[in-house]
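Atoms within each ligand, like the ligands themselves, are counted from 1 in listed order. Since we're looking at a predicted model, the values are computed, not measured.
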Amino acid sequence: MRESLIDVKSFSIRLHVHGDLDFFLGSRAGPGRVERRLSEKTSVKDVIESCGIPHSEVDLILLNGEAVNFGYAVRGDAEIELYPPGIQSSNFREKRLQATGINAFVADGHLGKLVRDLRLLGIDVAYDPAAQDRQLVEIASRNNRALLTRDRRLLMYAAVQHGYYLRSQNPLEQTIEVLRRFDLGSILSPFSRCLRCNAFLEPAEKEKVIGQLEPLTRIYYSDFRRCTGCAQVYWSGSHFTKLQRRLKEIRANLGS
Ligand SMILES: [Zn+2]
């Protein structure tokens, strides 16, 4: 008797995911689908995230064929289709949930190499290796930055409007992922930003920076840039050749 009462109240959700969203489902489910039974009304955001998919990865939700937002309360049997950003569909364009044109980021503390690559390309990335989870979420939300992380719990905070879970653990692949996900190819401005502190670089006269240079650098180089934030001086030395090689590598992979 008791069991049948519970059965009457509960309802079933069938989740179908598109694009690469099955990445988040792991091996628990069949390819691209999950079934759940719920016993009380639940927001779509909570349903999606209980299956391991952060809301920041979902651009369109169709519930029984109708586009809904994350706050929609699921009360009965439902078929839910989830689409990631970038899956082109002319339908429901105005129902997309992720903003476009995001070009500023905050990265969590384990992503130093990715941060360096992105700054090398001139992309604005806030980064403090010592930042706590709460601070990262706050910076993302307050400054309208997309949170880059490999911690999917972080992306599940309601305050996180924009974010991205890096699929790869390889910094070069991560860089390509970010450039593609946020469509940054057309705004790249290499060597315009400080790799250490993210501030812009400006041309600097040799006399102004000579005190910061090693003796050989003073002799062999004449073009310098200085960071407007931390005053770090940059010139076309051996580190520059290495950075140029990295840039070439990124561009080659982005094109492929
Ligand atoms: Zn700097």
Side-chain angles (χ1 to χ4, degrees), residues 101-151 154 160 162-164 166 170-179 181-251 253-254:
I102 301 293
N103 58 12
F105 301 87
V106 54
D108 97 8
H110 309 285
L111 300 171
K113 287 182 176 161
L114 168 67
V115 171
R116 197 177 157 83
D117 274 354
L118 292 175
R119 286 178 178 170
L120 174 64
L121 295 163
I123 294 165
D124 179 359
V125 191
Y127 180 65
D128 174 0
Q132 304 292 308
D133 290 0
R134 194 172 36 80
Q135 292 168 304
L136 292 169
V137 170
E138 198 181 307
I139 292 167
S141 128
R142 185 161 25 99
N143 303 331
N144 203 33
R145 290 175 179 271
L147 176 55
L148 304 175
T149 181
R150 278 188 50 81
D151 180 349
L154 270 182
V160 174
H162 323 294
Y164 177 74
L166 297 147
N170 171 288
L172 178 65
E173 288 171 7
Q174 291 177 339
T175 301
I176 304 300
E177 283 181 35
V178 174
L179 296 179
R181 161 67 182 83
F182 295 94
D183 199 14
L184 301 172
S186 61
I187 62 153
L188 303 183
S189 175
F191 302 108
S192 62
R193 209 173 266 281
C194 181
L195 303 182
R196 287 207 324 196
C197 80
N198 197 44
F200 283 118
L201 304 182
E202 62 180 5
E205 287 169 24
K206 190 170 186 175
E207 306 85 75
K208 299 266 175 64
V209 298
I210 202 150
Q212 294 170 254
L213 305 178
E214 298 292 326
L216 285 178
T217 308
R218 289 183 197 180
I219 296 169
Y220 289 115
Y221 297 96
S222 52
D223 290 330
F224 298 92
R225 285 180 172 199
R226 185 170 47 195
C227 173
T228 55
C230 71
Q232 168 87 4
V233 176
Y234 292 82
W235 65 93
S236 310
S238 57
H239 63 287
F240 181 76
T241 313
K242 261 172 72 179
L243 293 174
Q244 275 185 315
R245 213 179 301 136
R246 183 66 171 177
L247 201 58
K248 214 172 146 188
E249 201 179 1
I250 294 168
R251 285 199 188 282
N253 279 274
L254 187 61

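Protein N/O/S atoms closer than 2.8 Å to the Zn ion (ligand 1), listed by chain and residue number, are Cys194 SG, Cys197 SG, Cys227 SG, Cys230 SG.
Screening residues 184-207 for ring-ring contact (aromatic ring centres under 6.0 Å, His included), with sequence neighbours left out, gives Phe191-Phe240.
In this view, His110 satisfies the ring pair (Phe, Tyr, Trp, His ring centres under 6.0 Å) rule with no residue, not counting sequence neighbours. With sequence neighbours left out, Glu214 forms a side chain to side chain contact (heavy atoms under 4.5 Å, CB included) with Thr217.
A side chain to side chain contact (heavy atoms under 4.5 Å, CB included) with Val209 is found for exactly one of Arg225, Gln232, Arg226, namely Arg226.
In this pair, Tyr164 and Phe182 present their aromatic rings perpendicular. The plane angle is above 60°, beyond the 30 to 60° band.
Contact record, Tyr221 with Gly237: OH-CA, 3.4 Å, taken as the closest heavy-atom pair.
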